[in-house]
Amino acid sequence: MKVFTSKIDWWFGLVLLYPMYRSIIGMINGDWLGYLGIVLVAAVIVFFSKTTQYIINDAQLVIKCMFIVNEKIDIEKIRKIEKTSSILSSPALSMDRIAVKYNKFDEIYISPKEKQLFVDELLLINPTIEVAI
C-alpha cells in the first residue's frame, strides 16, 4: 500500500485569510473568540492537508478526503492520466492537477504532491495507461 498526500497551493491559505484577519482583530480587542478563530483556522488547514490522500492498495486507487472514501477505482480500468488545471470541485488542494480517466467516460481530478512517483506506481500495475503530464 502506497499513500500519497495532496499538494497544497498558496490560494488555500488565501481562502482562509479573511477569517484569520477577523480573528486577529478580535484578539487585539481582547475578544476571546479571536483566539478561538485562530485555532479553528489552523485546525482547518491541518485537517484538510492531512486527510486528503490518494492510496494505491493492491489493484485499486482509493481517494480519500476528510476521512471519507470518495472513490475507489480499479487501476486496470484507468485509461489515461493527463495534466489539467480544471477548477471543477475535486479532492485536490492544488490547481496543479492531473485528470485520471477511467472506465468509458469517468474522470476525477487529483493533485498528488509527488506526481511522477504516483504515476510510476500506477504504471507498475497497469502499463497500458496513456500518460500526458
Side-chain angles (χ1 to χ4, degrees):
M1 178 170 75
K2 301 272 185 172
V3 178
F4 296 85
T5 57
S6 180
K7 183 177 179 180
I8 303 171
D9 277 351
W10 61 269
W11 62 263
F12 188 67
L14 189 64
V15 170
L16 299 170
L17 193 60
Y18 181 73
M20 194 90 120
Y21 166 77
R22 294 296 301 160
S23 296
I24 291 170
I25 295 299
M27 286 172 39
I28 291 170
N29 294 332
D31 186 3
W32 67 273
L33 286 175
Y35 294 103
L36 179 62
I38 291 290
V39 169
L40 288 175
V41 169
V44 165
I45 290 170
V46 169
F47 181 73
F48 277 109
S49 67
K50 296 296 181 191
T51 61
T52 302
Q53 299 178 330
Y54 317 114
I55 302 163
I56 298 174
N57 192 5
D58 296 324
Q60 278 195 325
L61 170 60
V62 179
I63 299 169
K64 292 173 71 173
C65 186
M66 297 186 289
F67 302 119
I68 300 168
V69 174
N70 295 335
E71 198 78 39
K72 287 185 179 181
I73 302 167
D74 289 330
I75 296 173
E76 290 298 326
K77 294 184 179 180
I78 297 175
R79 300 178 286 111
K80 185 175 186 179
I81 298 173
E82 64 184 4
K83 184 174 177 60
T84 185
S85 55
S86 172
I87 61 170
L88 293 176
S89 178
S90 65
L93 303 176
S94 172
M95 292 307 293
D96 182 17
R97 298 175 175 187
I98 56 176
V100 176
K101 298 182 178 199
Y102 60 101
N103 295 331
K104 192 168 184 174
F105 300 109
D106 297 320
E107 68 183 359
I108 190 164
Y109 306 112
I110 60 175
S111 61
K113 187 185 293 184
E114 298 167 315
K115 195 183 316 180
Q116 190 58 54
L117 183 59
F118 175 79
V119 171
D120 291 344
E121 287 293 326
L122 292 176
L123 287 171
L124 287 175
I125 298 167
N126 180 0
T128 65
I129 299 172
E130 180 184 342
V131 179
I133 58 170

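To the nearest 0.5 Å, atoms CD (E82) and OH (Y109) are separated by 8.0 Å. Note that the CD1 atom of I133 and the CD1 atom of I98 stand 6.0 Å from one another [nearest 0.5 Å]. Taken from NZ in K113 to OG1 in T5, the straight-line distance is 4.0 Å, to the nearest 0.5 Å. Here the straight-line distance linking atom OG1 of T128 with atom CD1 of I125 works out to 12.0 Å at 0.5 Å rounding. Separation of atoms NZ (K101) and CD1 (I108) is listed at 13.5 Å; rounding is to 0.5 Å. Taking CD1 of I110 as the start and CD1 of I73 as the end, the distance is 7.5 Å to the nearest 0.5 Å.
Applying the salt bridge (Lys or Arg N to Asp or Glu O under 4.0 Å) rule to pairs touching residues 87-98 yields K7-D96, K83-D96, D96-K115, sequence neighbours excluded.
If you run side chain to side chain donor-acceptor pair (under 3.5 Å) between S111 and each of S6, S90, S94, only S6 comes through. Here the options are I55, I75, D74, the test is side chain to side chain contact (heavy atoms under 4.5 Å, CB included), and the partner is Q60; only D74 passes.
Taking every heavy atom of both residues into account, P91 and N70 meet most closely at CB-ND2, 4.1 Å. Smallest separation of non-hydrogen atoms from M95 and S86: CE-O, 3.4 Å. Of all the heavy atoms in N57 and M1, the pair that sits closest is OD1-CB, 4.1 Å.
Judged purely by atom type and a 3.5 angstrom limit, R79 has no side-chain atom pairing as donor or acceptor with the backbone of E130.
Looking at heavy atoms from C-beta onward, L61 lies out of side-chain contact with F4 at the 4.5 angstrom threshold. Here the side chains of K64 and T51 are not in contact, with every heavy-atom distance at 4.5 Å or above.
Using modelled atom types and a 3.5 Å distance limit, the side chains of Y54 and E121 yield no donor-acceptor pair.
Under the 4.5 Å side-chain heavy-atom criterion for grouping Ile, Leu, Val, Met, Phe, Trp and Tyr, V39 is not connected to F47 through any hydrophobic cluster. Hydrophobic clustering of Ile, Leu, Val, Met, Phe, Trp and Tyr side chains at less than 4.5 Å, counting indirect connections, unites L122 with V131. Note: the hydrophobic cluster containing L123 also contains L117 (ILVMFWY, side chain heavy atoms under 4.5 Å, direct or indirect links).
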Hey, mind stepping through V62 and Q53 against side chain to side chain contact (heavy atoms under 4.5 Å, CB included) and telling me if it holds?
-> CA-CA 8 Å; V62 179; Q53 299 178 330; over 6 Å; no
